[in-house]
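Everything quoted here is computed from the prediction, not taken from an experiment.
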Amino acid sequence: MSWRILGLLTIAGVVGFFLGVGIKFGYETSTFKPYKWDRPPIIANCYGEDFSEAQMVRAIHFWTIRGHQIGFYEHNPPESICKSKEMIHGFIILRKAGMLELDSQTLASTRRMTSFFIIKAVEIRFKPGSHNLTLINEHELGHAFGYAHVEIVGHVMHPIFDKMGPKFWIP
């Protein structure tokens, strides 16, 4: 194979990659619920004992009455789950963020592992103590269930904590 053909294939691959990333980003930012689970996820509390079980049960209830299902909630999961550095297929893992992991304005962050618009695994990192704030668990579980932010005051998926509320509807 000549160097020209190899060069053209490399350029086409790079252009294809960035085009794909751009299309995915555009879809995610313009769609309120771009992803869904292929089976009910298991929620594992790897944050620690000071994470309120009652707060998480309330957040789970918020989403189950809106049609979402979870496999179950494990408040004291096995150490092997919590020590894993990898995202675990079928799990929503709750963790305490390290001191420098989140910027000063961010209370929590949800990271999803997806494949073809299906959520495979989720990790939610909470700034220490933020998990006790009203609606923060509901908001982050909303991301774990595939929802994006909306700029509607009073909506649980509003990106600014002071403007969040208990309302939920699909815009």
> Is there a donor-acceptor contact under 3.5 Å linking the side chains of Arg66 and His61?
Replying inline: no

> Is there side-chain contact between Phe117 and Lys36, with at least one heavy-atom pair below 4.5 Å?
Replying inline: no

>> Quick one, Glu53 and Asn45 - any side-chain contact, counting heavy atoms below 4.5 Å?
In response: no

> Applying salt bridge (Lys or Arg N to Asp or Glu O under 4.0 Å), which residue pairs with at least one partner in residues 132-147 are found, sequence neighbours left out?
Replying inline: Arg58-Glu138

>> Per the salt bridge (Lys or Arg N to Asp or Glu O under 4.0 Å) rule, what does the pair list look like for residues 67-89, sequence neighbours excluded?
In response: Glu79-Lys83

> Looking at CE of Met56 and CD1 of Ile92, how far apart are the two atoms once the value is rounded to the nearest 0.5 Å?
Replying inline: 8.5 Å

> Name the one of Asn137, Leu94, Ile43 that satisfies side chain to side chain contact (heavy atoms under 4.5 Å, CB included) with Ile124?
Replying inline: Leu94

>> Under a plain distance cut-off of 3.5 Å, with no hydrogens placed, do His143 and His149 share a side-chain donor-acceptor pair?
In response: yes

> Is it true that His68 and Tyr147 have ring centroids separated by less than 6.0 Å?
Replying inline: yes

>> What I'd like to find out is whether the side chain of Trp37 reaches to under 4.5 Å of the side chain of Ile118, using heavy atoms alone.
In response: no

> Nearest 0.5 Å, what's the CD-CD1 distance between Glu151 and Ile160?
Replying inline: 6.0 Å

> Between Val156 and His139, which heavy-atom pair has the shortest distance, and what is it?
Replying inline: O-ND1, 2.7 Å

> Which pair of non-hydrogen atoms, one from Gly71 and one from Pro40, has the smallest distance, and what is that distance?
Replying inline: N-CB, 3.5 Å

> Which salt bridge (Lys or Arg N to Asp or Glu O under 4.0 Å) pairs, counting each pair once, include a residue from residues 159-171, with sequence neighbours left out?
Replying inline: none

> Just how far is it from atom CG of Leu141 to atom CE of Met157, taken to the nearest 0.5 Å?
Replying inline: 9.5 Å

>> Between Ser52 and Asn132, is there a side-chain heavy-atom distance shorter than 4.5 Å?
In response: yes

>> With rounding to the nearest 0.5 angstrom, report the SG to OH distance, Cys82 to Tyr47.
In response: 13.5 Å

> So do Phe126 and Lys96 actually touch side chain to side chain, heavy atoms under 4.5 Å?
Replying inline: no

> Does Met87 sit in a hydrophobic cluster with other residues, and if so which ones, taking ILVMFWY side chains as linked at heavy-atom separations under 4.5 Å, directly or through other members?
Replying inline: Met113

> Under the salt bridge (Lys or Arg N to Asp or Glu O under 4.0 Å) rule, what pairs show up with a residue in residues 116-128, not counting sequence neighbours?
Replying inline: Asp38-Lys120, Arg95-Glu123, Glu101-Arg125, Arg111-Glu123, Glu123-Arg125

>> Rounded to the nearest 0.5 Å, what separates atom CH2 in Trp63 from atom CZ in Phe145?
In response: 8.0 Å

> Going by the angle between their ring planes, with limits at 30° and 60°, are Phe51 and His131 parallel, tilted or perpendicular?
Replying inline: parallel

>> According to a hydrophobic-cluster definition based on side-chain heavy atoms being under 4.5 Å apart (Ile, Leu, Val, Met, Phe, Trp, Tyr only), do Leu107 and Leu102 belong together?
In response: no

> With ILVMFWY side chains joined below 4.5 Å, transitively, what does Phe91's cluster contain besides itself?
Replying inline: Ile42, Phe72, Ile81, Ile88, Ile93

> According to a 4.5 Å side-chain heavy-atom criterion applied to Ile, Leu, Val, Met, Phe, Trp and Tyr, with indirect links allowed, do Ile170 and Ile152 form part of one hydrophobic cluster?
Replying inline: yes

